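Worksheet for the structure shown next.
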Amino acid sequence: MSDRDSSELESRTRYDPAEVEPRIAARWLESGLFHPPAEGTAAENYSIAIPPPNVTGSLHMGHAYQDAVMDALTRRHRMSGQRTKWILGTDHAGIATQTQVERLLVSEGTSREQIGREQFEVRVWEWREQYGGQIIGQLKRFGASCDYDDERFTLDAHYADAVARVFVALYEKGYIYRDRYMVNWDPGSRSAISDLEVEEREVTDTLFYIDYPLANGDGLVTVATVRPETMLADTAVAVNPGDDRYRGLIGETVILPLVGRELTIIEDAYVKPEFGTGVLKITPGHDPNDFAIGRSHGLDEISVIGEDGLITAAAPERFRGMTAMEARAAVVSELREQGSIRREDPYEHTVPFSQRSGERIEPLVSLQWFMSMDELANPAIEVVREGRVRFHPPSNTRVYMDWMENIRPWVISRQLWWGHRLPVWYRGDETYVGVSPPDGEGWERDPDVLDTWFSSALWPFATLGWPDHTPELRAFYPTDVLVTARDIIFLWVARMIMMGLEFTGEPPFSDVHIHAIIQAPDGRRMSKSLGTGIDPLDLIEGGPRPPVFAEGGAFPAYGADALRWGLLAMASSQDVRFSEERIAQGLQLTNKLWNAARLILLGVAPDARPGLAPVAVEDRWILSRFERASNEIGERIERYDFSHAALALYDFVYGELCDWYLELVKPRLRAGEPDVAATLLHVLVGTLALSHPIIPFVTEEIYGFIPGAKGLLAAGIQLERASVDNGAESSVGRVIEAVQAMRAWRDFSEVRAGAIVPARLGASGYDDTREHLARLARLSFSSDGGDPVASVPVPGGVVEILPSAEVDTGAAERKRDTRRATLEQEIERSERKLANSGFVEKAPADVVRAEREKLERLRAELGAL
RNA sequence: GGGCGCGUAGCUCAGUGGGAGAGCGCUCGCUUCACACGCGAGAGGUCGCUGGUUCGAGCCCAGCCGUGCCCACCA
């Protein structure tokens, strides 16, 4: 270590992430370490494809957590020497991006319709130029070790070509087809959307009971509906075939009020006799159930509500041009006037809303492109069943299977302008589907674009150059693991598996880690619109504490390491509340590690090097404990159990390395013992390497000060392994217990904190650690002296406290009484347990033996008092 | 309606059959030459409720209560 290093370490008494992290991030990026050569095979290499964030989005807490997980995995594998690629890119995010730009246009007093499609696309690309780099910059600041030299975008020319090829191939196989069918129409985005983009919300509507007179004038039937305006499109009335009340009416006709159309009374088992009146109006044009019934009975499909949300020419003249809600009011008012409404009840139920626009879904029959999923689903079910793709935790397997086994066709066309335009052209009745435009005159391209998730489904291989047989594809596909939250298992994970199998013959990853969702501190969803979001960058660099926190004020600059550690530590179950305390704990950990390193690096000789040369029992102890911690943390990470890995790391650094080992060896370090310097450096470097995947910045920074260290810690290091040493563990474990017992006694007995207390060691097993006990408990051992004023039990015997001015005998006496009472209680409990014949006969022998030994110990201690 | 979770110290959470733990907060004591974003020692839980299995239950089983999320075509 140079003098400059030394004086720098001397002065930097606190770890300052705000100063360190940007500097380290820059070194990583310059190193080229994150851009692996496209060599070897996917089996020997390691790769993860990032769930591509929206191109114009910014890093939110979900990303931060997910990226901490992926980076821990990526860094760990890279350090082990594998070629490791974290595939990076962004998603064009059709509806989301288009909506943002449309909002901008509105604020400029124009609209996409006014400026036209071509100009609109220009504006979106401009928007992308302006905001597209933001999240990438944030990932760099976060320390995510993605391959930034190889960034993809789902609308790149090559990617677009892959999308078109997939479309054409599936069309040629007959899986993709055009059809008039009922879809979820989102009036907000004026597009069809898929079932997965719809969410059900509780609303209170009015249930209207409306009389439909029989055509023969002989009475009427009453139907119940919450959407009276759709009656304008009724094409039948249905009853349950087993419903005796209406059996005689089947085949009869009723007159549709306000319209006058004759409707046949049909029978269908779907109708629930107990609901309403047991008579259901059938509106195939505006209700998914009615649509199905209509198709099976061959009914007409009338659309009285158009894609613009207005009443169409299919309805009576006087309703035309009204919005659906206006039409409802008009219909109800006319029905009321003619006395056709028999009842109105408030009715609570769930109705579909668009997740995107938040508007109520209008089910419509529409001409759209669909994709049949059954053929693709079967192999995707098979790979999971065979365990070639595994979910972690495994409970998600069932969620996946249930959905896949009941999969329905997917509406893939969207009436948007931002996205992959369908590779489809029309001329009169002709349809042409191909990757390039058809020859000849008069062809018109389909204006629609594909659902964003269609292109996302190709992500793991389209990013690597598919359909070309690139070296990247060979080296990094299939990827190893997919890390995501459970909300996109269907939207994305399932579809990637299906597409991967169909087009590459292999599943795109072998493991799927479904991680916890971080909720706001108050338990609500973290979301910008709810005001419950927390910006990860505010935690990293310091920023205002948002209103979800009661305290207010500003976050300190915790740094990316603290955020990463905190997020990993807090998230074990499927939902977890955000806890700022955990982030603060992460900062403590980085500061602790920094200062432990300062102690070691400023204490050892300049020519000291890491080495395995344990001489004292505590050296063997720390090496053994490190070995265990290393194994445990490694296993936890490999099993996607990041919270326990993070907590185990904290426990090792605090509870073993700093609290005990460093305290135990301070005298030897000051004395300049070369062996202890070697062990200290060895353990320090080992700890840095072990923690690097979780807290990369501070570990890299410290590594730069290790004497003789070359290159980057992120590249991995060679470290000789020690072995577990049970003897050393038990010997040091014993002295730790003894020190704690002595400190507790001192505190209780009100002995002055700094006082050295004369004592006599009346316990065995301290041959190697007698001096440690004396120093850490501030005792001065002697072999003579008068009667002890107190006797403190420690493992293997007692420490007898000799009279001195430092010890208040009254306090010592109180201590003794308390201890006596505790001992008596515990002895009674233990005796009772051992007197229980059931326990002695049935419990395992070692449990019983341990209980007997404990009882003896307690009795001996009581005797000594 | 079906499924997946959760309910343990004031707060956020570990703990899956043999004497209740961590971090933060709180109390007491320490300006001990790595760190006051520090060190040491404490106080504080009938482990949601009720039954059951077991020699023994925070942990296993059943039911109930509370709470969060996902899926689902009852007008």
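Lettering follows sequence order; numbering is per chain, from 1. None of these values were measured; they are calculated from a predicted model.
Contact annotation for A/A744: backbone-only contact, meaning every heavy-atom pair under 4.0 Å involves sugar-phosphate atoms and none involves a base. Note on A/Q740: only backbone sugar-phosphate atoms sit closer than 4.0 angstrom, heavy atoms only; bases stay farther off. Across all strands shown, A/F748 has no heavy atoms under 4.0 Å from either base or sugar-phosphate atoms. Within 4.0 Å (heavy atoms only), A/V576 reaches sugar-phosphate atoms of the nucleic acid but no base atom. Across all strands shown, A/P556 has no heavy atoms under 4.0 Å from either base or sugar-phosphate atoms. Here A/Y654 lies in heavy-atom contact (under 4.0 Å) with sugar-phosphate atoms only. Contacts of A/R14 with the nucleic acid, taken as non-hydrogen atoms under 4.0 Å apart, include base atoms. Residue A/R752 is out of contact with every strand shown, counting any heavy-atom pair closer than 4.0 Å.
Taking only side-chain nitrogens and oxygens, A/R408 comes nearer than 4.0 Å to OP1 or OP2 of B/rA72. For B/rA75, one of the phosphate oxygens OP1 or OP2 lies less than 4.0 angstrom from a side-chain nitrogen or oxygen of A/H349. Distances shorter than 4.0 Å separate none of the side-chain N or O atoms of A/Y650 from OP1 or OP2 on B/rG23. Here A/R577 does not reach the OP1 or OP2 of B/rC6: none of its side-chain N or O atoms lies under 4.0 Å away. OP1 or OP2 of B/rA34 has at least one side-chain nitrogen or oxygen of A/R670 nearer than 4.0 Å. Taking side-chain N and O atoms only, A/H286 has no distance below 4.0 Å to OP1 or OP2 of B/rA75.
The side chain of A/N289 lies closest to B/rC73 when the candidates are B/rC74, B/rC73, B/rA41. Taking the side chain of A/R582 as heavy atoms from C-beta on, and the options B/rA75, B/rG23, B/rC37, the nearest nucleotide is B/rG23. Taking every side-chain heavy atom of A/Q588 into account, B/rC37 is the closest of B/rC37, B/rU12, B/rG18. Side-chain proximity of A/H644 to B/rG15, B/rU32, B/rA41: nearest is B/rG15. For A/R486, taking side-chain heavy atoms from C-beta onward, the closest of the listed nucleotides B/rG18, B/rA75, B/rC69 is B/rC69. When the nucleotides B/rG40, B/rA75, B/rA14 are ranked by their closest atom to the side chain of A/D747, B/rG40 comes out on top. The side chain of A/C658 sits closest to B/rA34 out of B/rA34, B/rA14, B/rA75. In this structure, the nucleotide among B/rC37, B/rC73, B/rC39 sitting nearest to the side chain of A/Y270 is B/rC73. Comparing atom distances between the A/A224 side chain and each of B/rC39, B/rA75, B/rA41 picks out B/rA75 as nearest. When distances are taken from the side chain of A/K592 to each of B/rC13, B/rC35, B/rC4, the shortest belongs to B/rC35.
Ion pairing of A/R12 with A/E19 is present here, as a side-chain N (NZ or NE/NH1/NH2) and a carboxylate O approach within less than 4.0 Å.
Figure legend: A/R495 and A/W410 shown as a cation-pi pair, the cationic atom lying under 6.0 angstrom from the six-membered ring centre and within 45 degrees of its axis. Annotation: cation-pi pair A/R201/A/F353 present, NZ/CZ under 6.0 Å from the ring centroid and within 45° of its normal.
Only the C1' atoms considered, B/rG10 is 31 Å distant from B/rC60, to the nearest whole Å. A distance of about 45 Å separates the P atoms of B/rU27 and B/rC64, rounded to the whole Å. Rounded to the nearest Å, the gap between the P atom of B/rG68 and that of B/rA57 is 33 Å. Taking atom C1' in both B/rG44 and B/rU32, the straight-line distance is 29 Å, to the nearest Å. To the nearest whole angstrom, the two C1' atoms, one in B/rA22 and one in B/rG52, are 33 Å apart. Comparing the P positions of B/rU16 and B/rG25 gives a spacing of 27 Å, expressed to the nearest Å. The P atoms of B/rG2 and B/rA20 are separated by 38 Å, rounded to the nearest whole Å. Separation of the P atoms belonging to B/rA14 and B/rC73 is 33 Å when rounded to the nearest angstrom.
Atom-to-atom, CD of A/Q519 to P of B/rC70 comes out at 11 Å; the value is rounded to the nearest Å. Between the CD atom of A/Q585 and the P atom of B/rC37 there is a distance of 16 Å, given to the nearest Å. Rounded to whole Å, the distance from CG on A/D641 to P on B/rC13 is 16 Å. Taking atom CG of residue A/N406 and atom P of nucleotide B/rG3, one finds them 14 Å apart after rounding to whole Å. Distance A/W594 CH2 to B/rC35 C1': 12 Å, rounded to the nearest Å. Regarding A/D402, its CG atom lies at a distance of 18 Å from the P atom of B/rG1, rounded to whole Å. As a whole-Å value, the separation of A/R743 CZ from B/rC30 P is 16 Å. Rounded to whole Å, the distance from CG on A/D290 to P on B/rA75 is 11 Å.
For B/rC59, there is no paired nucleotide, since no Watson-Crick or G-U wobble pair has both relevant distances below 3.5 Å. In this structure, B/rG38 and B/rC30 make a Watson-Crick or G-U wobble pair, each of the two defining distances being under 3.5 angstrom. The base-pairing partner of B/rC6, taking Watson-Crick or G-U wobble contacts with both distances under 3.5 Å, is B/rG66. For B/rG1, the paired base is B/rC71 (Watson-Crick or G-U wobble, both distances below 3.5 Å). The partner of B/rC11, taking Watson-Crick or G-U wobble pairs whose two distances both stay under 3.5 Å, is B/rG23.
For the side-chain contact (heavy atoms from CB on, under 4.5 Å) with A/K281, the lone residue among A/D287, A/V223, A/I210 that qualifies is A/V223.
A side-chain donor-acceptor contact under 3.5 Å links A/E851 and A/S830.
Between A/F291 and A/Y181, a ring centre-to-centre spacing shorter than 6.0 Å is recorded. Ring centroids of A/Y65 and A/F642 are separated by 6.0 Å or more, keeping the two rings apart.
Donor-acceptor pairing under 3.5 Å, judged by distance alone, is present between the side chain of A/E663 and the base of B/rA34. Scanning atom types as modelled, one donor and one acceptor separated by under 3.5 angstrom connect the side chain of A/K666 and the base of B/rA34.
Toward the 5' end of RNA chain B, the nearer of the two residues A/A597 and A/S579, judged by each one's closest nucleotide, is A/S579. Each of A/V739 and A/L587 was matched to the nucleotide of RNA chain B holding its nearest heavy atom; the match closer to the 5' end belongs to A/L587.
Residue A/R295 places its CZ atom among more than 12 non-hydrogen atoms of other residues, nucleotides or ligands, all under 6.0 Å distant.
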Given A/R14 and A/D16, is the salt bridge (charged side-chain N to carboxylate O under 4.0 Å, His left out) satisfied, shown in steps? CA-CA 6 Å; A/R14 273 191 198 177; A/D16 179 9; over 6 Å; no

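To the nearest 0.5 Å, the span separating OH on A/Y212 from CG on A/L263 amounts to 7.0 Å.
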